[in-house]
Structure formats: C-alpha cells, structure tokens
Amino acid sequence: MRSKRTAFTVILLIFIGLVCAVGVFFVHALFRLETIEVIGTGAVFSANTEKLNTNVLFFPTKTLEDDLRTQYPLFKSVRVFKKFPHTISVAYTLRDPSGYVQSLGHTYGVDQDSVIVGEYLPPFVHPVMMFDIGIQSIGVKIADVRVRAAQAFLSALDSSLQVSFVKEYSPNAFEARIDSLRILLPVEGNMEDKAHALLFLINGFKIKGVLPSIVDLRYTKPIITK
C-alpha cells in the first residue's frame with residue numbers, strides 16, 4: 001500500500017515538474033524579447049540588454065529607465081514600456097536650450113533646469129547670459145546662483161519684453177538689457193515678482209511715450225533713472 005502511495009507521489013511530482021517546465025518554455029517562447037523600439041529623434045544610444053531580463057513579461061523597465069537617465073544626462077525625459085508579445089519601447093525627449101551662458105570664450109546652451117546641452121555659435125535665438133563660470137562640460141548642471149537667478153528672471157518675463165543679454169553687475173546683482181533700457185536685479189529674491197514689476201513700469205512709461213535709461217529693481221521700491 002505504501003509503495004503504491006510512494007509511486008503515485010513520484011508520478012504526481014514528475015507530472016507537476018513537466019507541467020512547470022512546459023509552462024516556462026511557452027512563457028519564454030511567447031514573450032521572448034526580439035525588438036527594442038526607439039521613439040525619439042536626435043540621439044544615438046545603446047543599452048546593455050545582456051544585463052537585463054530578455055523576457056518581455058519580466059523585463060525590468062524601471063532599471064533600464066534609471067540606467068539611461070544616468071548615462072545620458074541630455075535626456076529630458078525617458079520612458080520604457082512593454083509592447084507585448086516581443087517588443088520593448090524606449091521613448092525619450094532631449095533637453096533644448098532656453099538660453100546661453102557665455103564664459104571664457106565659450107557659449108553654452110542651457111535648458112530650463114540649468115543643464116548644459118552643448119556649445120553654440122551665433123546667431124543666438126535666446127538671450128546670452130555673460131557670467132564667468134569657468135570651462136564646463138556637456139550634461140553638467142550649473143549650480144552658479146547668478147545663472148540660476150538670471151534664468152528665473154528670463155523665464156518669468158513677459159514674452160513682449162525681449163532681453164538681448166544679461167551680464168554680471170556686481171557680486172550680488174546682474175544687469176539685463178532690453179534695447180537701451182538697463183535693468184538691475186539682485187541675485188537673491190523672487191524673480192517672478194521682479195518680472196511683473198518691470199512689465200508694470202514699462203507699460204506705464206510707454207503710455208507716457210518715454211522709457212527711462214535704468215530701472216533698478218534691487219530694492220523694495222524700484223529706482224528709476226531717466
């Protein structure tokens with residue numbers, strides 16, 4: 001009786017093992033990774049898929065996303081998702097310059113997050129910020145408070161006001177130029193408030209028909225020089 005039970009148990013275990021093996025085989029065959037689809041333009045990159053699971057069903061999309069963000073800092077966004085049964089898609093967008101920083105004979109394009117996206121030559125389609133930040137590398141995020149303040153001001157500025165350039169005025173201030181108008185701004189402070197104040201002042205002077213030569217926004221109340 002015991003031998004019959006033992007034989008039955010062995011047969012049952014063998015059957016279960018075979019079912020599991022067949023199941024694993026079909027899962028691997030049905031969801032085998034065959035294609036990595038890239039959605040985006042302007043970048044050439046590669047991923048070491050040998051270190052990743054080659055089955056779409058169990059593919060670690062988050063791991064690949066983190067790996068690509070680390071290796072390619074010029075990616076503004078990257079998303080990896082599964083297209084069953086055999087495809088992994090990588091969708092990305094690249095960082096675009098929203099301004100330029102001129103330093104030691106180099107002009108670097110920087111995006112809204114202050115990441116350097118490359119070196120550029122004229123003509124420039126965005127304002128140039130003239131600050132000595134040394135020689136920089138592509139993909140580096142600028143930590144200089146002057147650059148950050150200038151970017152925040154330019155970003156908050158009304159689109160009707162076209163800044164030609166920004167430059168250092170003092171260790172704690174910078175100057176922005178709109179045509180012949182000089183605007184003095186502090187490195188510290190709420191740049192959105194400064195931008196709104198400037199627009200209000202300029203609109204008021206336009207009504208009068210004469211613009212001042214200097215608008216100093218470094219203090220609580222603006223100082224106007226005609």
For the student: nearest non-hydrogen atoms of [X] and [Y], plus distance:
X: M129; Y: V147; value: SD-O, 4.3 Å
X: V101; Y: F131; value: CG1-O, 4.2 Å
X: P212; Y: I224; value: CB-CG2, 3.6 Å
X: S213; Y: K226; value: OG-O, 3.4 Å
X: V166; Y: A150; value: CG1-CB, 4.0 Å
X: R218; Y: L185; value: CG-C, 3.7 Å

When you look at [atom1] of [X], are more than 12 heavy atoms from neighbouring residues, nucleotides or ligands closer to it than 6.0 Å?
X: Q112; atom1: CD; answer: no
X: F200; atom1: CZ; answer: no
X: R148; atom1: CZ; answer: yes
X: K76; atom1: NZ; answer: no

Does [X] reach the side chain of [Y], with side-chain heavy atoms less than 4.5 Å apart?
X: D67; Y: T63; result: no
X: F58; Y: L33; result: no
X: V215; Y: I223; result: no

Side-chain donor-acceptor pairs under 3.5 Å in residues 151-163, sequence neighbours left out?
residue	atom	partner	partner atom	Å
Q151	OE1	S114	OG	2.5
Q151	NE2	D111	O	2.8
D158	OD1	S160	N	2.8
D158	OD1	S160	OG	2.5
Q162	NE2	S159	O	2.6

Output yes when a side-chain donor or acceptor of [X] lies under 3.5 Å from a complementary backbone atom of [Y], and no otherwise.
X: R69; Y: V78; value: yes
X: N190; Y: E192; value: yes
X: K194; Y: G189; value: no
X: H86; Y: R32; value: yes
X: S103; Y: G134; value: yes
X: S164; Y: I178; value: no

Item to check | Check against side-chain contact (heavy atoms from CB on, under 4.5 Å), V117 and D96 | outcome: CA-CA 7 Å; V117 301; D96 290 319; over 6 Å; no
Next on the checklist: So, using side-chain contact (heavy atoms from CB on, under 4.5 Å) as the criterion, who are the partners of T87 when residues are at least two apart?
Outcome noted: T35, E37, K83, S89
Hey, what do you get for [atom1] ([X]) to [atom2] ([Y]), rounding to the nearest 0.5 Å?
X: F205; Y: L211; atom1: CZ; atom2: CG; answer: 8.0 Å
X: T225; Y: L184; atom1: OG1; atom2: CG; answer: 8.0 Å
X: T70; Y: E65; atom1: OG1; atom2: CD; answer: 11.5 Å
X: I214; Y: R182; atom1: CD1; atom2: CZ; answer: 4.5 Å

Count I, L, V, M, F, W, Y as connected when their side-chain heavy atoms are under 4.5 Å apart, and connections chain through other members. Are [X] and [Y] then in the same cluster?
X: F84; Y: I88; answer: yes
X: I135; Y: V140; answer: no
X: I36; Y: Y72; answer: yes
X: F75; Y: V115; answer: no
X: I183; Y: Y219; answer: no

Next on the checklist: Students often mix this up, so state it plainly: with edges at 30° and 60°, are the rings of F124 and Y100 parallel, tilted or perpendicular?
Outcome noted: tilted
Checklist outcome for this item: Those residues at least two apart in sequence (or on a different chain) that pass salt bridge (charged side-chain N to carboxylate O under 4.0 Å, His left out) with D113 are R95
Checklist entry - Applying side-chain hydrogen bond (donor to acceptor under 3.5 Å, both in side chains), which residue pairs with at least one partner in residues 124-143 are found, sequence neighbours left out? => result none
Checklist outcome for this item: Sorted by chain and residue number, the side chain to side chain donor-acceptor pair (under 3.5 Å) partners of H196 (sequence neighbours excluded) come out as none
Next on the checklist: Using a strict threshold of under 4.0 Å (side-chain N to carboxylate O), is an ion pair present between D66 and K62?
Outcome noted: yes
Next on the checklist: If you apply the rule side-chain contact (heavy atoms from CB on, under 4.5 Å), what do you find for V110 with I142, and how did you get there?
Outcome noted: CA-CA 9 Å; V110 291; I142 298 175; 3.6 Å; yes
Item to check | ring-ring contact (aromatic ring centres under 6.0 Å, His included) between Y169 and F174, intermediate numbers included | outcome: CA-CA 4 Å; Y169 181 77; F174 62 95; 9.9 Å; no
Next on the checklist: Checking L198 against L217 for the side-chain contact (heavy atoms from CB on, under 4.5 Å) test, could you report, in this order, the C-alpha distance in whole Å, the side-chain angles of both residues, the deciding distance, and whether it holds?
Outcome noted: CA-CA 8 Å; L198 178 64; L217 298 175; 4.0 Å; yes
Checklist entry - Linking Ile, Leu, Val, Met, Phe, Trp and Tyr through side-chain heavy atoms less than 4.5 Å apart, which residues share a cluster with V210? => result none
Checklist entry - Do S77 and T93 have side-chain N/O donor and acceptor atoms under 3.5 Å apart? => result yes
Item to check | Check against side-chain contact (heavy atoms from CB on, under 4.5 Å), L94 and Y92 | outcome: CA-CA 7 Å; L94 293 176; Y92 71 90; 3.9 Å; yes
